[in-house]
Each structure stands twice: as C-alpha cells, then as structure tokens.
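Side-chain atoms are counted along with the backbone in the values below, which use heavy atoms only and exclude waters and symmetry mates. From a predicted model like this one, the values you see are computed outputs, not experimental measurements. In each ligand, atom 1 is the first atom listed, and ligand 1 is the first ligand listed.
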Amino acid sequence: MEITLDSPLDMHLHLRDGDMLKLTAPLSADFAGAVIMPNLVPPITTPDKMAAYSGRIREAMGDSPFTRYMTLFFTPQTEATLKCIRNTPEFFGFKLYPAGITTNSEGGIAHMDDADSTLRMMEEMDIPLLVHGESHGFVMDRETEFLAVYRDLATRYPKLRISMEHITTAAALELLDEFENLCATVTLQHLIITLDDVAGGALNPHLFCKPIAKRPGDRDALLQAALNGHPRLMFGSDSAPHPLHRKECCGCAAGVFTAPLALPRLAALFAEHHALGKLQDFVSGNACRIFGLAPVSKQVTLTDTPMHVPASYRSFGQQVVPMYAGQDIAWSIKKA
Ligand code: NCD
Ligand code: ZN
C-alpha cells in the first residue's frame, strides 16, 4: 500500500538553535513547511530576531525547499509594531504562553487582561493567535481548566483566529466544536499514548511532554476526530528535541522528539484504522484552508514497508532520542 501526500505541514515545531538546529532541521525536511515555535533562550520577541532565526533555519535546511511559518513570542505590542510585523515575510502569528507554563516560557503572560489591547488589534489586522492552553493547576486538569480562557477569548474576539495548540482532551474537542474561530493542533503522541505509557510502568522520560498525555478516553476522542477528518483539527507534531542528558536525568525536560518519524507513523496509524483518505487534510488541507497557506510544492510518498527508528540521532556534537527509538514502525517514506 502507498499514499502520496501533497505538501505536508507540521503546524507546531521546535527546531531550537545553534548545533541543535543543524541536527533537527534536516530531520523535518520531508515536510513542505512548518510553524516554527519561538521559545528559544531568549525567546523570539522582535521582527528582527525572527528574520535572523528564519535565515538560520533556511541555512540549516540546506537544499531542501521548506516554507518557514515564523511565530513571535507573545508580548504586548503597539499598533505601529503590529503593522510592521504583519508585513514581514514569513510571519505567521503570535504564540501566547502563560508565564512559566512550559520550556522557556518565563516571559509569558501572567494576566490575560494584559493581552487585551494587542489581541483587539490582532483581530482587526487578522493576525492569528496560537496558545499554549494550560493553567497552573493540577497537572492532569491544566488543559481543562484553561478551556474557560479559550471560551472567553473566542467570545471576546470573534474574528480572531485562535489555534488551541497541542490539545490533549475530549473536553477541548467539545469546545472546538462550539466556536468557528477556534482551530486546534494535535500531536502524534497524543493520538497514541496515555499517561500509562509515560508513568504507568517504568518511567519513560522520552514520552514526557507538556501537556502531559491524558486518559484513554481523551486519546480515543482525539484519534476519532483526526480519523473522521475534523475540519478544524490540524497536525502539529510539537516535536521538541532536548539533548539526551536533559531527558535521561533527574529533572527531565518536557518534550517528545517525533519529527523524523511523524509522517510514517501517522500513515501507519491512519492505515490501521482504514482512514488513509483523511490524512491529506489532517497534515495539510485543513491548515491551508483555515490560514490561506500556500507552502512550497513537495510530494511525499509513504509506503507500508517498515522503518527502523534509530536509537538516537547524533550530529554536530548533539544527541537526541526519538519516540520509538530502536523500534520498527510499519510504514516508511519511499525515497525516489
Ligand atoms: C516544548 C519544548 O520543549 O519547547 N515542550 C513540550 O513538552 N511540548 C514546549 C511546549 O510546546 O510546551
Ligand atoms: Zn511546543
């Protein structure tokens, strides 16, 4: 069996910087493009920093054409700056993090009211808002608690396009269906694993991410929505590489590294459920329609020949362990 995808997109990707960027960028090169997260140290907060980072990504990608949809770390902005940013090539939108909620988000928003005037202007200028939607409550309840904030945003700014990033719960899907101006990304791991895979047996640091994987009912609801072709659900890997020594240690960093195997594993998952026909929209069509995107043209053929996932990826002095390290997955990318 085979499927050829047109210009697949990763709508939520961490590439990092420096030597880690040199390792990770080529491993996303089967995608036609990606929405690039801004949570570097320090975060990408200005158009100049964004343009420079975009250039470093282009360099790290080498010869592979790849459309970079760059994001800025949300901080309150003036009208003049927003007007300038809006006209910056490659700018996609703002990523809002509640302060301190995940990796490198200390400079995020402490009180949502501080965001109000900027959000109003973004709504007028049609600049998308991407949100890491977690409260500071009990870890399993953080996303559900944050749904009230999403509801408030969707109601107060009815024309603002709001992306609920990496949703992990059935409750988030229900909210998605209530508001036309909400869309959502979902990761590979949250379609497959539950908290049991992270911490039910021997602790698996390589499956530890924010938001944490939830209950079987949540995972099943997300998977059904993806397989049924939910029109406002998009693939965003949230592939979040950390060096091996930051994962296999006490105080393990949050993030699952999936970029190099995401497309094969998605194809295997959709094929297993006889839903391959829905994959194109999930990995590209929905995002292109919702945001009016036109990424570089790139075709990727996936086939039901197994892929062996390496125990780790190493180069430029960096070492990162992927999901399914050392295992075979049922599908692979067919190289010409
Ligand atoms: C991400 C990272 O490492 O940058 N970690 C994660 O667990 N997903 C940050 C994020 O998207 O929350
Ligand atoms: Zn992320």
Less than 4.0 angstrom from a charged side-chain N to a carboxylate O is my criterion; do [X] and [Y] meet it?
X: D30; Y: K335; answer: yes
X: R151; Y: E178; answer: yes
X: R68; Y: E90; answer: yes

Top protein contact for atom 8 (N) of ligand 1, by heavy-atom distance: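 The closest heavy atom on the protein side is D238 OD2, 2.8 Å.
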
L160 with M234, same ILVMFWY side-chain cluster at under 4.5 Å: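 No, separate clusters.
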
Joint hydrophobic cluster, L82 plus Y69, side-chain heavy atoms closer than 4.5 Å: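 No, separate clusters.
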
With a cut-off of 4.0 Å, which atoms of ligand 1 are near a heavy atom of [X]?
X: H12; result: 11 (O)
X: C209; result: 7 (O)
X: H166; result: 11 (O)
X: H132; result: 12 (O)
X: H14; result: 1 (C), 2 (C), 4 (O), 9 (C), 10 (C), 11 (O)

Please determine if [X] has a nitrogen or oxygen closer than 3.5 Å to a nitrogen or oxygen of ligand 1.
X: A240; result: no
X: H242; result: yes
X: N39; result: yes
X: A254; result: yes

Of the listed options T187, T102, I212, closest to atom 12 (O) of ligand 1 (non-hydrogen atoms):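 Heavy atom nearest to atom 12 (O) of ligand 1 belongs to T102.
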
Options K210, R16, K95, ranked by nearest heavy atom to atom 2 (C) of ligand 1, top entry: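 Comparing heavy atoms across K210, R16, K95, the nearest one to atom 2 (C) of ligand 1 lies in R16.
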
Geometric class of the F282/F235 ring pair [parallel <30°, tilted 30-60°, perpendicular >60°]: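 Aromatic pair F235/F282 classed tilted.
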
Parallel, tilted or perpendicular, as decided by the 30° and 60° cut-offs, for the rings of H14 and H12: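 Because their plane-to-plane angle lies in the 30° to 60° range, the rings of H12 and H14 count as tilted.
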
The Zn ion (ligand 2) to nearest N/O/S of H132 below 2.8 Å: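 No.
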
Heteroatom test (N, O or S) for H14 near the Zn ion (ligand 2), limit 2.8 Å: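 Checking the Zn ion (ligand 2) against H14, an N, O or S atom does fall under 2.8 Å.
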
Donor + acceptor pair across side chains of S237, D10 (<3.5 Å):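 Yes.
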
Exercise: do T118 and Q77 side chains pair donor with acceptor under 3.5 Å: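 Result is no, nothing qualifies.
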
H12 atom NE2 and D238 atom OD1 as seen from the Zn ion (ligand 2), angle to 10 degrees: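 Seen from the Zn ion (ligand 2), NE2 and OD1 are separated by roughly 90°.
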
Result of checking L302, L269, T305 against W331 for side-chain contact (heavy atoms from CB on, under 4.5 Å):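 Of L302, L269, T305, side-chain contact (heavy atoms from CB on, under 4.5 Å) with W331 is met by L302 alone.
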
